[in-house]
Amino acid sequence: MQAFFASLENRVYSLLAVLIALNTLLFIALQVPALTLFHFASDNSIFYLGFAGLAVLTLGSIAYFSQTFDWKKQLSTLLLVWLPGSIILAYGLSESNNFHYIFKMAIGGYVILTGILVSAFYIGTAHANTEADAEALTCKQWFVAQGLPTLLLLIFVTGLFFVFGLSRLTEYAAVDEPLWFDGRIAKYWKNIGERDWKGTNISDKPGITVALAAGPGLWFKGLKDYRTTHYKGEVLSLRNDVESFYLAYRLPILIVITLLLPLFYFFLERLVGRRHALFGYVFIATSPILIGMSKIINPDSLLWLFAPLSLLAYLVFLRRGAFRYLIFSGVLLGLALLTKYVSNILFIFFIGLIFLEYLFHPKQAALSFVEHLKKSLKHLALLTFSALTTFYILFPAVWIKPSKLLKGTIFSQAFEKVAPLFLILIAFILIDQWLNKARVTSALLALLARAKHGIAVLAGLVFFSAALFTILNTWLDMTPYDFMQLLASPKTIAGKSDFIGVFLANFYPLFFGVTPLIFLSLLAAPFFFLKKNFSESAALRASFYLTIFILLYYLGTTVNNIGAIVRYQIILFPIAAIVAGITLEHLFVAIHKKLFVREMPTPVFAASAVALIGAVTLLFTPFPLSYASSFLPAKYHIDVKDMGAGSYEVSRYLNTLPDAETLIVWTDKDGVCKFFVGRCMGSLNYERLREEGLDYIVVSSGRQSRTTKMMSGDIVNNKPGLIRFDEYYTNTGPAFQMFINNRPSHYVKVFRFEP
């Protein structure tokens, strides 16, 4: 009887598969010219009913023949029954664009379910063949293991981050924000509501997570009521309560970042232990630049969260082997890709980690490289699947045009120059493995293994030397490289300097954009790589990997001829904080051993002291995104592409002037116009400015290069009515001036215009 039912079950499933395939073939035939032979119907109505009926029959059959619940087996049956029909449907979709988008989504869903099933079988097999994580804890056990003092400190530091993020949240008009306020956020949700999936492609970033996080602002404030319009050189802003508007859209993003921030501690604790994790987390949560970046509506506000978290989760997986961390890493990488395509650099680094792990992880010595490579590539495939699935689900434009998956990864602009090398490397590894049993790769790794200490020393030396040269170059009056001038036009930096100058310029915003304690710890970090057995420490090994990542990131920006201003390298700030945290803990241990100190300060006490130092720094940094270390001479600053600091303060001054509503102001900062009650001009229409009766001129250090470049032709041609705005940057005696964070080199000045 059992054999009869088994045979009946197979016959039923086979019949269903044939009927589904036939229904699909007749369905696509109406739209595919090559299948005119199968035109047996005038429209698709009957086939829609056929799909619905066959779906019900398939699910009913699976429920009837299943004696127990086994989701893997039942999903396998479902996918196998629909496999022939799915292949036929995929062919039809490739031949015609006249099918409803629901069928493209169906194929996407089929692929995702297949990937989930394959991943589940692989994870189950891998778990059966490996030892479980001996330190695996339940959520309750993990919280208990941290201890009440640690948890209270985490709450306090996270609260600090939120409070300082909330401070003056609305008193700021950031550059690039109007691109999101004036259309992109509303466009995304409008097109979601209208089921215009293609229209959800709102930016080339793509910035989907920005629209998701800031979307709740639409419940409170309509974007059209606060839109900035340029008309004949005048910046027209509707005189509504712009501060409440900023609050509606910035607060949700700040809340999202604050809620996800503790994930840094969680992953760090799993990776390097509680003491190192506390220092790293405190450094991140009290970083002025990270707090400042979290105040604005921009992809970089979320990128610094998702990309480093993905990297940390992957490192935790490499250490502990628990696949939940690999899935975490993939999902976070997908969110990073949805934020900004520059996060593709993680794919390259993950490939590099295959080799770094084999060389530096003590446990890998027992494996042959072929075994290690096979296992690592499977892990990377699972991570990539998780990332692309997240990308697909949250980016509706991909539902109807799956090729955007490639545009978001291997064919993205961020991958443009390195993609050929990346593909060649992957192809070489795969070909050598499958056709040559990885003999060439193994031989190369054997050579590198003998020289791994030299590799570590070389990497540390490059990092330390580049950082030290950058620091000394800055302290010695920017000679021979003027980093501020180089970074003033980051996308044309290649024409201003040689390769080394561009590479070193990247270190300038990082080292002088972190607090002094992080600065010193970063300089000390490479010295721990000099020990031959440093890689036996999970913490130092992680620090080494993260240092390599920083060098790789700078190499990538240099090759792509991009100067890494603060915003362009924002993902490195939390990574630098983690490296500094690990180094600080090891410095404490080293001092303890050298000085024979009887008792080390408890981790909570030491981290609390660091947190208080960070809080004091934040108290004296009114513009956190423009923060510069006290190690940077006052005549310099790092916010060379001014993100808008000082606009609010200048507007407040202008609004206190007599008859402010009738005043006409020319400004190089559109942010001033958001708060100013008078008329705001930004064009170089000199004659109109004179005719209208220009009253004041507002200039800022961050726009000097841009204004000078724009006016160069007018100056040469002596354009009628010429007003030398470029000279006001060096003029003395302004009516009002503001030094950002008390740095004379970073200013906003207001001059009374004298015709």
Side-chain angles (χ1 to χ4, degrees), residues 173 175-176 178-179 182 204 228-237 478 481-498 501-502 505 560-563 565 567-568 637 639-647 650 663-674 676 678-735 737 745-755:
V175 175
D176 287 347
L179 295 173
D182 293 352
D204 59 351
T228 298
T229 305
H230 293 77
Y231 178 72
K232 292 184 178 181
E234 185 170 355
V235 184
L236 303 174
S237 295
M478 294 286 186
Y481 299 109
D482 188 337
F483 297 133
M484 288 186 59
Q485 184 180 13
L486 291 178
L487 294 172
S489 301
K491 295 183 179 179
T492 59
I493 192 173
K496 301 177 181 178
S497 180
D498 54 27
V502 176
N560 282 285
N561 297 323
I562 299 293
I565 57 175
R567 192 162 58 86
Y568 291 176
H637 66 279
D639 191 12
V640 291
K641 291 292 288 184
D642 191 342
M643 284 295 291
S647 297
V650 166
L663 294 178
I664 299 177
V665 171
W666 182 90
T667 176
D668 60 7
K669 295 167 70 74
D670 281 3
V672 172
C673 308
K674 284 290 186 182
F676 180 46
R679 295 177 61 189
C680 222
M681 301 290 188
S683 76
L684 298 180
N685 189 337
Y686 311 110
E687 292 184 328
R688 184 191 175 197
L689 288 170
R690 291 182 181 277
E691 290 173 2
E692 296 276 353
L694 179 62
D695 296 298
Y696 286 91
I697 294 172
V698 179
V699 295
S700 58
S701 55
R703 292 293 181 269
Q704 182 175 2
S705 176
R706 176 177 177 270
T707 303
T708 303
K709 187 182 300 182
M710 289 174 56
M711 291 190 61
S712 59
D714 296 343
I715 296 171
V716 171
N717 298 323
N718 195 24
K719 191 172 181 179
L722 179 67
I723 302 174
R724 293 297 299 270
F725 294 122
D726 59 311
E727 294 181 347
Y728 281 90
Y729 294 93
T730 55
N731 280 5
T732 58
Q737 67 179 358
S745 60
H746 195 185
Y747 59 80
V748 186
K749 297 178 181 179
V750 180
F751 292 90
R752 177 77 187 182
F753 177 61
E754 302 293 343

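Index from 1, following the sequence. Please read all numbers here as calculations on a predicted model, not as lab measurements.
Residues satisfying the side chain to side chain contact (heavy atoms under 4.5 Å, CB included) test with Gln485, not counting sequence neighbours, are Asp482. Checked against salt bridge (charged side-chain N to carboxylate O under 4.0 Å, His left out), Asp714 has no partners two or more places apart in sequence or in another chain. With sequence neighbours excluded, the residues satisfying salt bridge (charged side-chain N to carboxylate O under 4.0 Å, His left out) with Asp642 are Lys669. Take Ser701 and apply the side-chain hydrogen bond (donor to acceptor under 3.5 Å, both in side chains) test, not counting sequence neighbours, and it matches no residue. Under the salt bridge (charged side-chain N to carboxylate O under 4.0 Å, His left out) criterion, Arg706 pairs with no residue at all, not counting sequence neighbours. Not counting sequence neighbours, the partners of Asp498 by the side-chain hydrogen bond (donor to acceptor under 3.5 Å, both in side chains) test are Tyr481. For Lys491, the side chain to side chain contact (heavy atoms under 4.5 Å, CB included) partners two or more places apart in sequence, or in a different chain, are Ile562, Tyr568. Evaluation of the side-chain hydrogen bond (donor to acceptor under 3.5 Å, both in side chains) rule for His637 yields Ser745 as partners, not counting sequence neighbours. Applying the side chain to side chain contact (heavy atoms under 4.5 Å, CB included) criterion to Pro734, with sequence neighbours excluded, gives Gln737, Lys749, Phe751. Among residues two or more places apart in sequence or in another chain, the side-chain hydrogen bond (donor to acceptor under 3.5 Å, both in side chains) test is passed with Tyr696 by Arg752. Remark: Ile664 engages Arg679, Met681, Glu692, Leu694, Asp695 in a side chain to side chain contact (heavy atoms under 4.5 Å, CB included) (not counting sequence neighbours).
No hydrogens or angles considered: nothing links the side chains of Asp726 and Thr708 as a donor-acceptor pair under 3.5 Å.
Among pairs with a residue in residues 705-727, those fulfilling ring pair (Phe, Tyr, Trp, His ring centres under 6.0 Å) read Trp666-Phe725, at least two apart in sequence or across chains.
Of the inter-residue distances, the one linking Leu689 atom CG with Phe753 atom CZ reads 8.0 Å to the nearest 0.5 angstrom.
The closest side-chain heavy-atom distance from Met711 to Leu722 is below 4.5 Å. Contact check for Lys674 versus Ser647: no side-chain heavy atoms found under the 4.5 Å cut-off. Side-chain contact between Lys641 and Arg567: absent, with no pair of heavy atoms (C-beta onward) separated by less than 4.5 Å. Two residues are said to be in side-chain contact when any heavy atoms from C-beta on lie closer than 4.5 Å; Ser683 and Arg688 fail this criterion.
At distances below 3.5 Å, at least one donor-acceptor pair connects side-chain atoms of Asp668 with backbone N or O atoms of Ser700.
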